[in-house]
Participant: 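Can you read through this structure? Questions will come right after.
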Amino acid sequence: MKKLFTVFQFEVMSYIKNKSFMITTILLAVLLGAATFLPRVFDMSELLGIDNVSEEKPEDGSGEPGESLDEKEKTKLGIVDASGYFQEEMLKEAFWDAEFQFMDSVDALEKAIEGEEVEAGFHVIDDLHYEYYVLNKSIMDENQYVFNSLMSLVHKQVYCAENGLDFATFMEEYEADVNCEEKILGKDGEQNYWYCYALVMVVFIMIVMYGVMIATSVTTEKSNRAIEVLVTSIDSAYLLFGKVFAGAVAAVVQVGLILGAVLIGYSVNHVYWGDKLDMVLNIPSSVLIGFAVFGIGGFLFYAFLYGAMGALASKTEDVNKTSGAVQMVIMIVYFVVMFQLQNPDGIIMKVCSFLPFSSYTAMFVRIGMGSVAFWELAVSAVLLYISIFFSGWLAAKIYRMGTLRYGNPISITKALKDMKNAE
Amino acid sequence: MKLEIKDIKKSFGDKEILKGISFSVESGKALGLLGRNGAGKTTTIRVLMDVFHANSGEILLDGKKFQPRKVQIGYLPEERGLYPKRTVMEQMVYLARLRGVAKQQAVGNAKKWLDRMGMSEYQTVLLEKLSKGNQQKVQLASTLVCDPEIVILDEPFSGLDPVNSQILQEVVRELIADGKIVIFSSHQMSYVEEFCEEVVIINHGEVVLSGNLDEIKREFGKDQLVLSGVELTAQETETFVKEELGSMVEVTGTTKDDVIVRLNERTGRKELLKKIVEAAQFDVEHFETYKPSLNDIFVAKVGEEA
């Protein structure tokens, strides 16, 4: 165990002395932590869609933000309204950045559009029908949506007038607020969805990124030929375990520092954010514990396999080639879980939450969004941790077998076959 | 301390690389492992170091099963390398600690060996910043940092410049004087001849010659003489030997100026000298006992297939 600690210590120092690793960690933690303070310094109410900073109206008192726009910048629209439903003020309120020209006929409207005097125009037929004229319709054109709401309002006015109803009273009842107090007895899938989504992403990135780092560190010892001295000094299993544990600690520390900076920053500034990021950053402790148990377990499971894949390559540029099969499994698990995120209690997620190569992500999604019995958690965790032991054992065997095999990358099937023959 | 290798066999797939290697070496002695490329020297060393497991045979240290990780061994493999991105001191201490040396002791040993190699000022320098020659010195110092009882050097002189070769020679002499077991493989016979009391010549995975070097030389030179004449070429001397002395000796080799002959069973030296004096039309320059070099022995044993 003392030697395992020696390897662990040496490998951890490799990460600490790696300038790019340290700079990335510190820079990301500082930048993302600082980003949580932005709403204190800048008015981000419009971006965030919150009320703490109100939209400032132009100082000339004209009433709408759009009125400060230069006349040339305003969109010019035409309207043919024989029935006289629309007044200029009403149109201004809906199309605050546009200027309307009232026209007598559809011909005049068409000519104005073709002559590019106006960009588009409306021909009001009655309170439920209108025509929209435009030369070339842009994908971003929203004029019809805005005008639809205006037409709807006009129709209500006409209806009230025809039926002797008071329009104000009608609208008050029509748009009466409905109050609902949620009493969720289980889990709020809508709210929990986003942090589950975020955590699935985080654990996926951690496994792929740090897995490749671990594989590369194993291959580096082969490529710089230090491996022979190492395996004659210490049991190769200690070498691999030391490397994997060091990689795991580096990953947890780096991700922990970055996430910690963001979470602390957000907890200090959540009021300025209007609690808008609660759905991602306000994670219940049960999910965090599930993430720790299953996320770290899954990380270790794959880290050992990545270590073994590193031993199959002799050059660092071959690491991606040898670790392709493991990457593929991780990708498949990632997509399956992502596609099933809205169905956490479905059969696919249930199966995935027990399989060791997918439980690391499927189980904490079920914890966050579905219903999980304690026995399910216990069985899945036991299966995962037994599998970690097995993947560590297998990786140590492959690592030892691949030690002095330089040259072309060894395929995993050949490695397993050679291991079997060696026994 | 006595290290014994007994009838080691090792195959890779269907190919048998070692076909029963046996030899032994004791403390305070150096053993030279010789052989052509691919003969099985490195495989023998790797089996000894438990990098490869032997198919059969045994390795004993003082009569007990040899476990390389339980004895302090300084191993310099043929494929060398350390950590380019770590400082000299860091990696030396790491390697010593992997061998079970306490941290303080490891630091002390590292300083001692760096000092011995004239590398003290490079303790905190990254390995990749050093010249190739200095990296070789660090590699050698790292081999010895665990204060080993057994030192195994696989082709230690290959790639060394003359200055580093000189340092290595001195270090090997010191290790032998300190009572360590030293095993090294080499192509350079002069080094083996200089340090090794014992030699093992391996060819095609088999030991073709082993034993005390002096005895081997004596045995190999037994009944052989070096002959030459003043102002005679080796070819002229050889012609004379074949024509005049053919019934008494057989030519076993020639050097630049001399001919080496073996006396047949019925012929004595005095008798041969008398015959030469009678038959020779030239003055005799050399008539002496043949003392073969290790190179001569090596070529005689494995060189005929070259």
Participant: So which heavy atom on B:Gln139 is nearest to which on A:Val229, and how close?
Facilitator: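 For B:Gln139 and A:Val229, the tightest heavy-atom pair comes out as NE2-CG2, 4.5 Å.
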Participant: Could you walk me through whether A:Glu228 and B:Arg46 pass the side-chain contact (heavy atoms from CB on, under 4.5 Å) test, one step at a time?
Facilitator: CA-CA 9 Å; A:Glu228 195 167 344; B:Arg46 284 177 174 168; 2.9 Å; yes
Participant: More than 12 foreign heavy atoms under 6.0 Å from NZ of B:Lys112: is that the case here?
Facilitator: yes
Participant: What's the separation between atom CG in B:Leu95 and atom CD1 in A:Ile234, rounded to the nearest 0.5 Å?
Facilitator: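 Going from CG on B:Leu95 over to CD1 on A:Ile234, the span is 10.5 Å.
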Participant: Quick check on B:Gln104: does its CD atom have over 12 non-hydrogen neighbours (other residues, nucleotides or ligands) under 6.0 Å away?
Facilitator: no
Participant: Nearest 0.5 angstrom please: A:Lys17 NZ to B:Leu126 CG, how far?
Facilitator: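 Here the interatomic distance stands at 8.5 Å.
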Participant: If you draw the axis of the six-membered ring of A:Phe10, does the NZ or CZ of B:Arg97 fall within 45° of it and under 6.0 Å from the ring centre?
Facilitator: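 Not satisfied by the 6.0 Å and 45° rule.
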Participant: Where do B:Arg99 and A:Ser233 come nearest, in terms of heavy atoms and distance?
Facilitator: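 Nearest pair, atom of B:Arg99 first, then A:Ser233: NE-OG, 3.8 Å.
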Participant: Minimum heavy-atom separation for A:Thr232 and B:Tyr75, please, with both atom names.
Facilitator: OG1-CD2, 3.5 Å
Participant: Could you tell me which of A:Lys2, A:Gln9, A:Met13 has the largest number of non-hydrogen atom pairs under 4.5 Å with chain B?
Facilitator: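 Most pairs with chain B among the choices: A:Met13.
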Participant: What part of A:Thr220 gets within 4.5 angstrom of chain B, counting heavy atoms only: side chain, backbone, both, or neither?
Facilitator: neither
Participant: What pair of heavy atoms forms the shortest contact from A:Arg400 to B:Asp50, and how long is it?
Facilitator: NH2-O, 2.7 Å
Participant: Might you confirm whether atom OH of A:Tyr238 has over 12 heavy atoms from other residues, nucleotides or ligands at distances under 6.0 Å?
Facilitator: no
Participant: Taking all heavy atoms of A:Ala226 and all of B:Leu82, pick out the closest pair and write down the distance.
Facilitator: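 Minimum heavy-atom separation between A:Ala226 and B:Leu82: CB-CA, 4.1 Å.
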